[in-house]
There are 2 protein chains.
Amino acid sequence: MTVPTTGRRERKKAATRQKIADTALRLFLERGYDAVGIRDVAAEADVAVTTLFSHFASKEALVFEQDENFEQRLTQAVTGRGPHEPLIPALRREIQAMVRHCTGDGAAPIYRMIDASRALREYEESMRLRHAESLATALVADPDLSQSATACRTIARFVIDAYALAHEAADPDAALDEIFQMIEAAWEVT
Amino acid sequence: MTVPTTGRRERKKAATRQKIADTALRLFLERGYDAVGIRDVAAEADVAVTTLFSHFASKEALVFEQDENFEQRLTQAVTGRGPHEPLIPALRREIQAMVRHCTGDGAAPIYRMIDASRALREYEESMRLRHAESLATALVADPDLSQSATACRTIARFVIDAYALAHEAADPDAALDEIFQMIEAAWEVT
DNA sequence: TTCCTAAATCATAACCGTTAGTGTTACGGT
DNA sequence: ACCGTAACACTAACGGTTATGATTTAGGAA
C-alpha cells in the first residue's frame, strides 16, 4: 500500500508552503513579528502575496503551523483510549506532552515572540477555543461517557484551560498536577 | 463637596462618545455589522474618523460598550462580599445576573448580530480572557482565601467558562447549576 | 475682559492585512 | 499530443487603523 500521493505537483506545493513558513519564521525571529510585513515575507520567499494567502489563512497562521496536529491529538486521546481506560488521566497525559513540547528549549524563542505580540497572543487563544470545541464534540459523542452534554463541554474547556495555565506557570508540571486534581473532582461530581 | 467634574468640556466629550456609540449600534443593526464601515459610522455621527478612534479602540469595541462594567462587577463580587461569605456562591450569583442580563429580550438582536460576525465573536472571547485575568488577580490578592495562586487562577478561568457555556446553552439556568456544582467540587478539593 | 494652554476635534493621507479580478504556467490524466 | 485544472502571478483595491499637523474651544490666569 504505497502512498499514491507522490505527484510532482503536490511535492512542489508542499515545498512552496514550507519555504513560505520557513522564511516567515526566520524573518519574524530576526526583526520581530510586527516589524515584518506580509509583503516582506512574500518577497523574501519569492512568491506572490496571493500565493502566500492561498497557503496560510492569515499572518498569524504562519507562526502556528502545527495546530491541526494538536486538535487531532486531543480528540484521539479520547476516541483512541482503551476500552475501560478512564478519561481524565488520558487527557492529562496528552496535555502534559503538549506543554512539555511547547516549553522545551527549541520553542523558547518562538514563544518569546508570541508573548511580545498582542495579535499572536489573541490568535493563540482563539485557536485554543477551537480546540476546546472539537474536544467537546468528541466527548459528547463518546458512548462510554455517561455524563451530560453540558458536563462534557465544561470539561473540554477546563482541559484547555489547564494547558493555557500550565504553559504560563513558573512550574508547569506542578501546576498541571494541581489543576488536574481540580478537573478530576469536577468530573466526578457529575 | 459638589462633584467638580461638571465642566462643559467633559459633558460634550461624553455626548460625542454616546452619539458615536448610538449611531454605530443603529447602523450595525440596520445593515449588519460587516456591511457598515468605520467611515460610514463616522459620517453618520458627524465626526472625523480619528475622533471615533479616540473614543473607541476598535470597531468591535463599539458593540461592547459596557465591558469595563463586567470586569468591575466580578472583582467587586470577590472583594465586596461579607467577611465569612463563601466565594463560589458569590461568584455564581454575579455570573447568573450577567447571563440573565445578556440573554434578556432587549439584548437578543445584539447577540444575534455578534453570533453572525466572526470578528465580534473573537473579540468577545478575548474580552472574557481579560475578565478572567482580572478576576484571577482579585482572587490571588484576597487574604481570606487559603488556596494556592494556581488554584485561584484556575477557578477564575473556570468561572468565566461558566459564563460562556451558560450563555450559549439552551437552558442557561440549568447549565449554570450543573457547571457551578463542578466548580464547587474543583474549589473544595484544593 | 483678555490671553494662554491644553484638550478635543478635524482633514488628509498613508500603512498594512486581506481579497477580488484576471491572466499565465505546467502538471497529470486521457 | 491534448485538454482541464491546480498552482501561481500581478495589479488594484478594500477596510480598519494610525500618523501628521492644523483648527477650534473650554477654562483658568493676568
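No experiment lies behind these values; they were computed from the predicted model shown. A, B, ... follow the sequence lines: proteins, then strands. Residue 1 opens every chain.
D:dC8 atom C1' lies 10 Å from atom CD1 of A:I20, rounded to whole Å. Rounded to an integer number of Å, the gap from CD of B:E10 to C1' of C:dA6 is 13 Å. The CZ-C1' distance, from B:F28 to D:dG16, rounds to 11 Å in whole Å. Atom CG of B:L52 and atom C1' of C:dT12 are 17 Å apart (whole Å). Between the CD1 atom of B:I38 and the P atom of C:dT12 there is a distance of 18 Å, rounded to whole Å. Between the CZ atom of A:F53 and the C1' atom of D:dC10 there is a distance of 16 Å, rounded to whole Å. Distance A:Y33 OH to C:dC16 C1': 11 Å, rounded to the nearest Å. Per the geometry, CZ belonging to A:R11 stands 16 Å off P belonging to C:dA26, to the nearest Å.
Between B:H55 and the phosphate of C:dA8, there is no side-chain N or O to OP1/OP2 separation shorter than 4.0 Å. At the phosphate of D:dA9, OP1 or OP2 sits under 4.0 Å from a side-chain N or O atom of A:T51. In this model, the phosphate group of C:dA8 is not approached by any side-chain N or O of B:T16 to a distance below 4.0 Å at OP1 or OP2. In this model, the phosphate group of C:dC27 is approached by a side-chain N or O of A:K12 to a distance below 4.0 Å at OP1 or OP2.
Each ring pair (Phe, Tyr, Trp, His ring centres under 6.0 Å) pair with one or both residues in residues 11-38 of chain A, not counting sequence neighbours, appears once here: A:F28-A:Y33.
Within 4.0 Å (heavy atoms only), B:D40 reaches no atom of the nucleic acid at all. Among the protein residues, B:R9 comes within range of the nucleic acid bases, having at least one heavy atom under 4.0 Å from a base atom. At the heavy-atom level, B:D34 lies nowhere under 4.0 Å from the strands shown. Here A:V41 lies out of heavy-atom contact (under 4.0 Å) with every strand.
Taking the nucleotide of DNA chain D with the nearest heavy atom to each of B:G37 and A:A48, the more 5' of the two is matched to A:A48. Annotation: of the two residues near DNA chain D, B:V49 and B:R8, the 5′-most nearest-nucleotide partner is B:V49.
Within 3.5 Å, a donor on the side chain of B:R39 pairs with an acceptor on the base of D:dG16, or the reverse. Applying the 3.5 Å distance criterion, the base of D:dC10 shares a donor-acceptor pair with the side chain of A:T50.
Of the possible polar contacts, none joining the B:R31 side chain to the B:A35 backbone as a donor-acceptor pair under 3.5 Å is found.
Each of A:K19, A:R26, A:R39 was compared with A:E44 under the side chain to side chain donor-acceptor pair (under 3.5 Å) criterion, and only A:R26 meets it.
Ionic pairing of B:E122 and A:R130 is not present here: no N-O contact between side-chain nitrogen and carboxylate oxygen is shorter than 4.0 angstrom. In this structure, A:R93 pairs ionically with A:E85, as a charged nitrogen and a carboxylate oxygen lie closer than 4.0 Å.
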